[in-house]
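Chain identifiers are assigned alphabetically (A, B, ...) following the order of the sequence lines, protein sequences preceding nucleic acid strands; residue numbering begins at 1 within each chain. Fair warning: this is a prediction, and the values are worked out from it, not measured in the lab.
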There are 2 protein chains.
Amino acid sequence: MDKFIVLLLVGYVTANTQPGLRQNRLGTEVPSLGDTSPGSVWPQPQSQTSTSQTYPVLAEKFAFTYTSSSFRCSLLDEAFKRYQMLIMNAAARSKLHFRPRAPYTITTLDINLMAKCEDYPSLDMNEAYSLDVGESSTQLQAESVWGILRGLETFSQLLWQTETGEILANKTNIIDHPRYSHRGILLDTSRHYLPLSVIFDNLEAMAYNKINVFHWHIVDDQSFPYVSEIYPDLSRKGAYTSLSHIYTPDDVAAVIEFARLRGIRVVPEFDTPGHSQSWGKGQPGLLTPCYSGDKPTGSYGPINPIVDSTYTFIQTLFTELRNVFPDKYIHLGGDEVSFACWQSNPDINNYMKNLNITGKYNELEQIYVQKVLNISGLIGFSYIVWQEVVDNQVQLKDDTVVEVWINNHPDEELAKVTKLGYRALLAAPWYLDYISTGEDWMKYYLEEPSNFNGTDAQKKLLIGGEACLWGEYVDGSNVTPRLWPRASAVAERLWSSKDVNDVTKATPRLHQHRCRMVKRGISAQPLHPGYCVHDWGNI
Amino acid sequence: MDKFIVLLLVGYVTANTQPGLRQNRLGTEVPSLGDTSPGSVWPQPQSQTSTSQTYPVLAEKFAFTYTSSSFRCSLLDEAFKRYQMLIMNAAARSKLHFRPRAPYTITTLDINLMAKCEDYPSLDMNEAYSLDVGESSTQLQAESVWGILRGLETFSQLLWQTETGEILANKTNIIDHPRYSHRGILLDTSRHYLPLSVIFDNLEAMAYNKINVFHWHIVDDQSFPYVSEIYPDLSRKGAYTSLSHIYTPDDVAAVIEFARLRGIRVVPEFDTPGHSQSWGKGQPGLLTPCYSGDKPTGSYGPINPIVDSTYTFIQTLFTELRNVFPDKYIHLGGDEVSFACWQSNPDINNYMKNLNITGKYNELEQIYVQKVLNISGLIGFSYIVWQEVVDNQVQLKDDTVVEVWINNHPDEELAKVTKLGYRALLAAPWYLDYISTGEDWMKYYLEEPSNFNGTDAQKKLLIGGEACLWGEYVDGSNVTPRLWPRASAVAERLWSSKDVNDVTKATPRLHQHRCRMVKRGISAQPLHPGYCVHDWGNI
């Protein structure tokens, strides 16, 4: 798409206010807690050189343009529209016809996409980019569309607004890429249902933080909101309500598309054999009947691993999932399997006796998980599993990713997982459902994922981490302020250089970033006493 | 106002959905965590008798009517409009023209106000009421308008909706009054500014919980958003921003009126001599200059107690406040005075030497507080103070209320304060700015205020308590879900009988109450895994 068309699409042009800049309205800048130079970028780029030289952005003429040698891409065209709106949304209040005298006025961001457009982000995607706000042009260059997306976010964060309404960018050169390739947020839509609008808000916030994976813990014991076309009773009977607490195929497709346009992978988790009480409501015979003596109690335990119907069901459901979710990976769970019900069930015990594994319930679990993994692999899924699956010595595909969540020496678990040659994700220190008074983001920020014993090769097998906001105590009423900006601390840890780890320096930048999110419509909560020029509800 | 006019005012009539009733949409009731009988009331009335006999409410004809002997009151007419909207707001989705066969159909709530209307609520207001949903009529009776207001809230909570859309009330007799007369919520608009819309939302929620005092901690060190007409520089220089982070006289009047209509007192706090850094910005000479050796450092400490100008200023400002805030009481603070700056200041030390109180800074504090209290009393304020004022042996007016906040044996402090003959408020166990993972409302719920050593006369001097949500970590983005339903636990403790203290019984009622708040537009957060029929963002 060329410049002319971009301008037509955008329609109107507005201006940005720098939300982190503390100033009162009488014209005096009031430096106070949280001040930092305006236009700071979160997460911090790998390399950034800026000077005090500023260039005005000519709001009413500004456009994104492809360079002549650039590939073009509909995904980017969509991004241009979003960022045009986002960057410029304060100009209605500013002096639109301001004509500054300046050595160079920014009227375009020249985009150079060096390789063909890609459709869907992946673990191996290239997010590197370079951005130059120079003396005569402003350029964003990347090998891949994903790098351009990250660079657009950075560019939008560089802009700031003076008190007189002028939009400025400092002379800046940035060369940037992520430290880790998997930077995820887990949201749980089973303990509480999250409305689509809330999921969209959080996907926007993920993009503002260069998070690239939405780990969608979509079902669990409490409810099964995923609407399966093959097994509609799963949600009809297993969702909290079957009309309003569900994700229809259209809903799921909308989430995936919303995320894709922002370079965010959607990795669904269908956790078995535990965490599956809600599955049993719509799929009789799937769960293990629990016994008291020789009589069924009417309660059910984990998925029943000894009947063929279980595996037929899994194969059929997961084949549907393969068509619904485009990501190469699925998260298969495998955590926290309680053996009490299996122990009570005579059929289970007979089965185990025949296999000569009497009393070894973890071996039974292993048999189940192995079969599910094999089915998933045959269908075409790569998989992520919680650490118990490795701890139980299940045989895994080479490209398996193991997620370390138990916060008892996760460093030792990382060493173990990577020594076995598997790729690892760190989640243990970043369970954001645990809350406490004060600035707990600092604790998350100071976690250094690579501090485990291992060779360089092992260190390379650590591919990233996830901030997990389990859903017991959050729903649409509070999930967004509880997640942001606490998850931003994790986002910078996973994107920026290892040596970007000074909370004193990070504090004013994070405050500025939080204010930027608020201004963009994300109800991120405050870090500490203070204010944003545009506070939530007071914009 | 008679029935005919009420109907005209209302204009249209809708119906209620019982939000706490767990049911899926296929017609099967699904009992699950949090179930309780529909139409439960929070806080629990002193006496309630209900039967399984239900009466339908005829939505399209329903009206509030005064009995022939009742006094009438414009404040109640306003309340009728609110409750008509609130009670009925789901009927658009239900069968409006449903005509049930029933022994009695509720078409009116007959109001009998037995004494003349009052304009403004007070510490001594009478909130008792009786409510009867009987075989042939539905009646609400109270001595005072405040009792009628509380009864209207109760009536609105009694109604519930069946799956087919029918609105029902069970045959019920309630005789109710509060256990304590001061049931407050502290919100802090200095650490963070709270937009008016957020304050209004929380005043609504207070009314839904029969909270009757908004303790408005309006200014503090961090900012001075109160716009004084006599001293406009206080907010012009002391607010975060002087245009958008302020409360104008119109704003303050709107808050007071919004609260008054709901029977909620607004008690402003102007905390001195500490917690006053922001005061100094617009009132040079008010704060104590701190010294290093014999030179001023440029920093300032508490209000300067040794200059006459301080007391002239206080008298002038507080005279304005007396005209702005109609409540008999003002909160004068008096907590957490740091002596370091006074200790450094040679003028202060000379002054103390002349008074023969060298080194006794608490006596200096006492002198200051005594003068401010005397001024306040002469102007016509009664006052509430934090406990330090008593601990420092300041002489207080007989009607002083002492607020106990230090959570180190608050029972001993209550014993001490009441033994001195002062009225006491308990806040110590209810600092809701302290957060932790899980259902901390239970801890607040189980606090029994009267568990201190003292005579019956002393026990009677405990007039209530307050849930305090200090503002360091909350603003418009998160204050409402953080406050509710946690503060509801305190609301029931302060309203209901002492023996209503079983968290197991309270849990499903509180879940139902939380869902009711969500349905009414309050973003109260969830208690535990589960759902509301109408979840936040999914209504």
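- Around OH of Y231(A), the count of heavy atoms belonging to other residues, nucleotides or ligands within 6.0 Å exceeds 12.
- Proximity to chain A (any heavy atom under 4.5 Å) is restricted, for V474(B), to the backbone atoms N, CA, C and O.
- The shortest side-chain heavy-atom distance between S244(B) and V533(A) does not fall under the 4.5 Å cut-off.
- With a 4.5 angstrom heavy-atom cutoff, Q222(A) touches chain B only via side-chain atoms.
- Of all the heavy atoms in D433(B) and T437(A), the pair that sits closest is O-CG2, 3.6 Å.
- You'll find the side chain of R514(A) reaches within 4.5 Å of the side chain of S477(B), heavy atoms only.
- Y473(A) and E439(B) get closest at one heavy-atom pair: CE2-CG, 4.0 Å.
- Between Y240(B) and Y531(A), the ring-plane angle classifies as parallel under the 30° and 60° cut-offs.
- In this structure, the portion of L527(B) lying under 4.5 Å from any heavy atom of chain A is its backbone and not its side chain.
- Taken to the nearest 0.5 Å, the OG1 atom of T480(B) stands 11.5 Å off from the CG atom of N478(A).
- Within 6.0 Å of atom CZ in F200(A), more than 12 heavy atoms from other residues, nucleotides or ligands are found, so the atom counts as buried in its surroundings.
- Chosen from P195(A), G476(A), P526(A), P481(A), the residue pairing most often with chain B at heavy-atom distances under 4.5 Å is P526(A).
- With rounding to the nearest 0.5 angstrom, the CG atom of N538(B) is 5.5 Å from the NE2 atom of H245(A).
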